[in-house]
Amino acid sequence: MAKSIPPPGTSDIFPEEMPLWHRLEETADKVFSLYGYGELRTPIFEYTEVFQRGLGDETEVVQKEMYTFEDRGGRSMTLRPENTAGVMRALLNTDVMNGNEKRVYYIGPMFRGERPAAGRKRQFHQVGVENVGRIAPGLDAENIAMLMHYLEELGIKGAQLLVNTRGTREDREPAAEALRAYFAERIDRMCPDCRERLDKNVWRILDCKQDACINEVDGAPEVTGFFSEESREYFKKTCGYLDELKVNYKIEPRLVRGLDYYVHTVFEVTHPDLGGQNAIAGGGRYELFLPDNKKPVIGVGFAAGLERLLMVQEALGVPAPESENRTVFLVGLGEQAVDANMALASELRKAGWPVITEVEAKSMKAQMRAANRVNARFSVIRGEDELARETAVLKDMESGEQQEVPVGQLIKFLNP
RNA sequence: GUGGUUGUAGCUCAGUUGGUUAGAGCGCCUGGUUGUGGCCCAGGAGGUCGGGGGUUCGAAUCCCCUCAUCCACCCCA
């Protein structure tokens, strides 16, 4: 086995795979631009408190998945496990706290110290959007519609959209009380994780996948019943807009999600062709607290996992993007021609042609093989004769046809 | 964090109950064509069999440890 493997849960992405990644990125820019979103790039690491406060101390992500380290000044820093907290931190420098709206999207690597599995890396990539500063059901619905629009553009069919409401912070207390009371009586029949959750975060019990727990959850009180009239209305309106936007969704009352900042609308997109890790995107409305800020930043947004989008595209057989092949391979026979090709290559490149040259005076056969290997569209052959005549042999690698042309007019012959 | 899987050439993998110089396909290099690629043919390079220890006359093969991989749980994107 090769010794040069990257750290666990990370991977090298080679040039051959890049077109697939670029499509994800370019499509994101294209679609999100249509909704008025612009790209925001935040640092790959933040002060640890940004995530602790932002995501919530009780969350799984903060408790056991963060890459935290001390910098040279002895400050605690953390590699971003998600980008919403960082984006909010950045936007604090704008006027979002005064009810002014900001629309941003981001793309980049995220880091979580989990055990790798299919569709789960320690360094993975997300694209996400945030609509920040205002609250209105129309914004939530538009956000979800935009996500579905993005997936559609990528050729991802058969995705399942689940939505739910988490109510407001105030709504949640009575509901949480009721849940605690209900589960407290049955907790000894439930899994150890849920026993922990009972006091720390009852909500997470709702989406536990253990059979024993699911049985108990089935009989649990309907939480939205404890929510305020306003919250229920908010959710109803959001769903109404989704209907108007012709977005297909399913209301999933058990959908809770793992980050503490969510309020009102939450949603998740899964795909049946994925298996173990079947969530390709998720998000919702949030109230996110940052260090030294008494008031939370409000907004709605989502994040999608690029690796998982790629997996779905592959499973669905979405063809790779095709690009026009224009590579010109310069064959030089003899030292003189090889040297002369350096300058010719430079000239062609400045005229916009991708050029690969052979830098050693190898045999014709070897050089033609090389041209074939890099899948050259044309090869340009020069030896002593051509140099003397100030010509070059231009060969079309697809048809095999070739002609001798004046070097000065080579570009004219390359252009159709 | 728990459980399982796999680790042999650049890549994908064979390697029979432990037995001589460890194989194939693809790829790569050279030649068959004095200056013409892909197809074909011939030849060639390339491996401390993941690492360490043990059992044995002898280990890729059996045992232990370790590292890594992939997968499931968990969590999420």
Side-chain angles (χ1 to χ4, degrees), chain A residues 1-11 14 24 55 59-65 80-84 107-128 147 151 191-194 196-197 204 207-211 213 255-259 267-271 274-283 301-312 329 331-334 337 358 361-387 393-402 404:
Chain A
M1 234 352 202
K3 308 276 186 289
S4 52
I5 49 172
T10 67
S11 44
F14 282 88
L24 259 29
L55 312 196
T59 59
E60 205 102 7
V61 171
V62 170
Q63 280 191 346
K64 39 191 186 190
E65 296 176 358
R80 62 185 191 194
E82 57 89 80
N83 208 6
T84 301
I107 297 181
M110 307 296 158
F111 308 84
R112 292 185 197 176
E114 305 178 90
R115 201 68 170 261
R120 191 171 69 190
K121 294 265 177 201
R122 289 182 178 172
Q123 175 175 341
F124 61 105
H125 301 78
Q126 286 187 333
V127 55
L147 168 58
L151 297 179
C191 77
D193 284 336
C194 282
E196 290 258 334
R197 288 169 182 145
R204 300 310 315 271
D207 63 2
C208 183
K209 275 101 186 167
Q210 302 290 318
D211 287 340
C213 303
L255 183 63
V256 172
R257 303 196 49 74
L259 304 170
F267 54 94
E268 196 167 283
V269 176
T270 61
H271 202 283
L274 277 191
Q277 270 66 46
N278 65 353
I280 57 180
F302 65 78
L306 298 192
E307 283 83 355
R308 292 187 190 175
L309 293 177
L310 254 22
M311 287 169 76
V312 176
F329 192 98
V331 174
L333 301 169
E358 172 50 56
K362 290 190 179 175
S363 75
M364 179 81 159
K365 186 172 190 158
Q367 295 194 46
M368 289 306 289
R369 271 189 187 150
N372 200 58
R373 188 167 47 246
V374 299
N375 192 28
R377 179 67 181 76
F378 298 103
S379 56
V380 170
I381 305 158
R382 293 203 296 173
E384 282 176 30
D385 298 348
E386 286 80 5
L387 285 185
V393 172
L394 174 61
K395 176 164 184 165
D396 183 319
M397 296 297 280
E398 277 169 25
S399 66
E401 286 168 17
Q402 63 183 52
E404 188 168 350

**Q** Nearest to the side chain of A:Ala118, heavy atoms from C-beta on, is which of B:A68, B:A77, B:C71?
**A**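 Within the option list, the nearest is B:C71.
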**Q** Would you kindly check whether a donor in the side chain of A:Gln277 faces an acceptor in the base of B:A72, or vice versa, at under 3.5 angstrom?
**A**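 Side chain to base: no pair below 3.5 Å.
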**Q** Hey, does A:Phe302 have a side-chain heavy atom less than 4.5 Å from the side chain of A:Phe267?
**A**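 Touching, per the 4.5 Å side-chain cut-off.
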**Q** What is the separation between atom CG on A:Asp207 and atom P on B:C74, rounded to the nearest whole Å?
**A**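 The distance from CG of A:Asp207 to P of B:C74 comes to 11 Å, rounded to the nearest Å.
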**Q** Strictly distance-based, threshold 3.5 Å: is any side-chain N or O of A:Arg377 a donor or acceptor partner for the main-chain N or O of A:Phe329?
**A**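 Not confirmed, A:Arg377 side chain does not pair with A:Phe329 backbone.
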**Q** Between B:C11 and B:U33, how far apart are the two P atoms, rounded to whole Å?
**A**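 35 Å, rounded to whole Å.
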**Q** Whole angstrom is fine here: how far is it from CD in A:Glu114 over to P in B:C70?
**A**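 Going from CD in A:Glu114 over to P in B:C70 covers 14 Å.
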**Q** Rounded to the Å, how far apart are A:Glu307 CD and B:C75 P?
**A**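 Roughly 21 Å, once rounded to whole Å.
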**Q** Is the shortest heavy-atom distance from the side chain of A:Ile107 to the side chain of A:His125 under 4.5 Å?
**A**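 A side-chain contact under 4.5 Å is absent here.
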**Q** Would you say the side chain of A:Arg115 and the base of B:C73 hold a donor-acceptor pair, judged only by whether the two atoms sit under 3.5 Å apart?
**A**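 It does not, because no donor-acceptor pair links the side chain of A:Arg115 to the base of B:C73 below 3.5 Å.
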**Q** Do A:Arg122 and A:Pro8 touch side chain to side chain, with heavy atoms closer than 4.5 Å?
**A**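 Touching, per the 4.5 Å side-chain cut-off.
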**Q** What's the CD-P distance between A:Glu268 and B:A77, to the nearest Å?
**A**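 Checked: the CD to P distance equals 7 Å.
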**Q** So A:Ala281, base contact, sugar-phosphate only, or nothing? Heavy-atom distance under 4.0 Å.
**A**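 Counting heavy atoms under 4.0 Å across all strands, the contact made by A:Ala281 is with sugar-phosphate only.
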**Q** Between A:Gln63 (CD) and B:C74 (P), how many Å, whole number?
**A**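 So the CD-P distance, A:Gln63 to B:C74, works out to 18 Å.
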**Q** Determine the interatomic distance between C1' on B:G58 and the same-named atom on B:G54; round to the nearest Å.
**A**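 One C1' to the other, the span is 15 Å.
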**Q** Do A:Met368 and A:Val331 come close enough that some side-chain heavy atom pair is under 4.5 Å?
**A**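 Yes, side chains in contact.
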**Q** Checking all strands, does A:Gly128 fall into the base, sugar-phosphate, or nothing category for heavy-atom contacts under 4.0 angstrom?
**A**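 No contact.
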**Q** Would a 4.5 Å heavy-atom cut-off, applied to side chains only, mark A:Phe111 and A:Glu65 as touching?
**A**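 No, too far: nothing below the 4.5 Å cut-off.
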**Q** Is A:Lys121 salt-bridged to A:Glu307, cutoff N-O under 4.0 Å?
**A**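 Looking at A:Lys121 and A:Glu307, the cut-off is not met.
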**Q** Taking the P atom in each of B:C62 and B:U16, what is the distance between them to the nearest angstrom?
**A**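 Straight-line distance between the two P atoms is 9 Å.
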**Q** Could you report the tightest heavy-atom contact between A:Met397 and A:Ala371, atom names first, then the distance?
**A**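 What the structure gives for the nearest pair is CE-CB, 4.0 Å.
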**Q** Using atom C1' of each nucleotide, how far apart are B:G32 and B:G51 to the nearest Å?
**A**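 Looking at atom C1' only, B:G32 and B:G51 are 45 Å apart.
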**Q** In whole Å, what is the span from the CZ atom of A:Arg120 to the P atom of B:A77?
**A**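 In whole Å, B:A77 P lies 12 Å from A:Arg120 CZ.
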**Q** Compare all side-chain heavy atoms of A:Leu55 with those of A:Glu82 and state whether any distance is below 4.5 angstrom.
**A**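 Yes, side chains in contact.
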**Q** Distance check needed: B:C75 P versus A:Asp193 CG, whole Å only.
**A**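 Rounded to whole Å, this separation is 6 Å.
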**Q** Using atom P in both nucleotides, what's the gap between B:G25 and B:C40 to the nearest angstrom?
**A**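 After rounding to an integer number of Å, I get 13 Å for this pair.
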**Q** Could you write nucleotides 28-38 of chain B as a row of B, S and -, 5' to 3', where a protein heavy atom under 4.0 Å of any base atom gives B, of only sugar-phosphate atoms gives S, and otherwise -?
**A** SSBBB--BBBB
**Q** Across all strands shown, which nucleotide pairs with B:A42 by Watson-Crick or G-U wobble geometry, both distances under 3.5 Å?
**A**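 Paired with B:U30.
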**Q** In whole Å, measure the gap between the C1' atoms of B:A77 and B:A24 for me.
**A**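 Taking atom C1' in both B:A77 and B:A24, they lie 41 Å apart.
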**Q** What I'd like to find out is whether the side chain of A:Asn278 reaches to under 4.5 Å of the side chain of A:His271, using heavy atoms alone.
**A**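 No. Closest side-chain heavy atoms not under 4.5 Å.
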**Q** Let's test this: given Watson-Crick or G-U wobble pairing with both distances under 3.5 Å, identify the partner of B:A24.
**A**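 For B:A24, the partner nucleotide comes out as B:U12, under the 3.5 Å rule.
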**Q** Would you sort out whether A:Glu268 and A:Arg257 count as a side chain to side chain contact (heavy atoms under 4.5 Å, CB included), showing the intermediate values?
**A** CA-CA 8 Å; A:Glu268 196 167 283; A:Arg257 303 196 49 74; 2.7 Å; yes
**Q** With a 3.5 angstrom cut-off on both distances, give the Watson-Crick or G-U wobble partner of B:C74, or none if there isn't one.
**A**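 Paired with B:C74, as far as the under-3.5 Å criterion goes, is no nucleotide at all.
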**Q** Could you measure between the two C1' atoms, the one in B:C63 and the one in B:C71, and give it in whole Å?
**A**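 So the two C1' atoms sit 26 Å from each other.
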**Q** Roughly how many Å apart are B:U6 and B:A14, using the P atom of each and rounding to a whole number?
**A**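 To the nearest whole Å, 11 Å.
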**Q** Rounded to the Å, how far apart are A:Met110 CE and B:A77 C1'?
**A**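 In whole Å, B:A77 C1' and A:Met110 CE are 10 Å from each other.
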**Q** Between protein and nucleotides 42-45 of chain B, what N or O pairs are separated by less than 3.5 Å?
**A**
none

**Q** Choose from B:A77, B:C75, B:A68 the nucleotide whose nearest atom is closest to any side-chain atom of A:Ile5.
**A**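 Nearest listed nucleotide: B:A68.
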